[in-house]
Every structure is written in structure tokens, then in C-alpha cells.
Amino acid sequence: MDGVVRKDWREAVVDDKGRIERIPYELCVRVALRDAIRRREIYIEGGRRWGDPEDDLPGVRRRPEAADDGRPWTGCR
């Protein structure tokens, strides 16, 4: 649970016997996922609003797989 369930969620996620409550845990994971997408720590492939931040860079192709135009990768357009 470390790294996913923050301390302020622990009381809601773990019951008196130390078992994980499913519904609060799922909600906690979804909030963590939403926050990571907003910080662009992770991105949604092909998404416009929450897509790869490197796709927003003008004129520079950072990775060979970033463009599907068939041209060889040279590091710039």
C-alpha cells in the first residue's frame, strides 16, 4: 500500500482488523491515478489533453516512436 495509499486515507482503507476495505481502496487508487495524470507523471497514449507531454514540443522529435510519418528519425524535423 505504500506509495498508493496516503496516510490521510489509511484510516478509511484499513479496518480495525487490518484488512483492506475494497471500496475506499478503489477510490483512493483512482484519486492517486487522477493526480498522477494531472501532474503528467503518467499519460494516456493518444490522448489530446492528457497525452504525452513530449508530443507538445515544437519541431523536435524526441523519440523515434513519437511520429508515424515514415521518415527516419534524425532528432529534429
Side-chain angles (χ1 to χ4, degrees):
M1 285 193 332
D2 293 335
V4 176
V5 179
R6 297 186 322 221
K7 290 182 182 181
D8 54 341
W9 278 90
R10 297 267 168 128
E11 187 176 322
V13 171
V14 180
D15 68 3
D16 305 358
K17 299 175 185 176
R19 295 181 300 189
I20 296 176
E21 295 283 342
R22 185 180 63 88
I23 294 173
Y25 178 76
E26 288 179 2
L27 182 60
C28 175
V29 169
R30 289 179 183 172
V31 168
L33 178 62
R34 181 201 61 194
D35 293 344
I37 290 171
R38 286 182 175 173
R39 287 189 303 267
R40 291 195 165 192
E41 291 177 355
I42 59 174
Y43 59 89
I44 300 169
E45 189 70 38
R48 291 178 186 247
R49 183 172 183 181
W50 306 113
D52 186 356
E54 288 190 5
D55 290 345
D56 292 339
L57 298 175
V60 177
R61 193 177 333 157
R62 296 284 181 178
R63 298 172 315 207
E65 65 272 9
D68 294 330
D69 57 8
R71 294 183 292 167
W73 183 66
T74 60
C76 58
R77 289 189 173 192

Mind listing the side-chain donor-acceptor pairs of residues 18-28 below 3.5 Å, one per line with the distance, residues two or more places apart or on another chain?
residue : atom : partner : partner atom : Å
Arg19   : NE   : Asp15   : OD2          : 3.2
Arg19   : NH2  : Asp15   : OD2          : 3.3
Arg22   : NH1  : Glu26   : OE2          : 3.0

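Residues passing the side-chain hydrogen bond (donor to acceptor under 3.5 Å, both in side chains) test with Asp16: none are found, sequence neighbours excluded.
Going from atom OH of Tyr43 over to atom CD of Glu45 covers 5.0 Å, rounded to the nearest 0.5 Å.
Applying the side chain to side chain donor-acceptor pair (under 3.5 Å) rule to pairs touching residues 29-39 yields Arg39-Glu41, sequence neighbours excluded.
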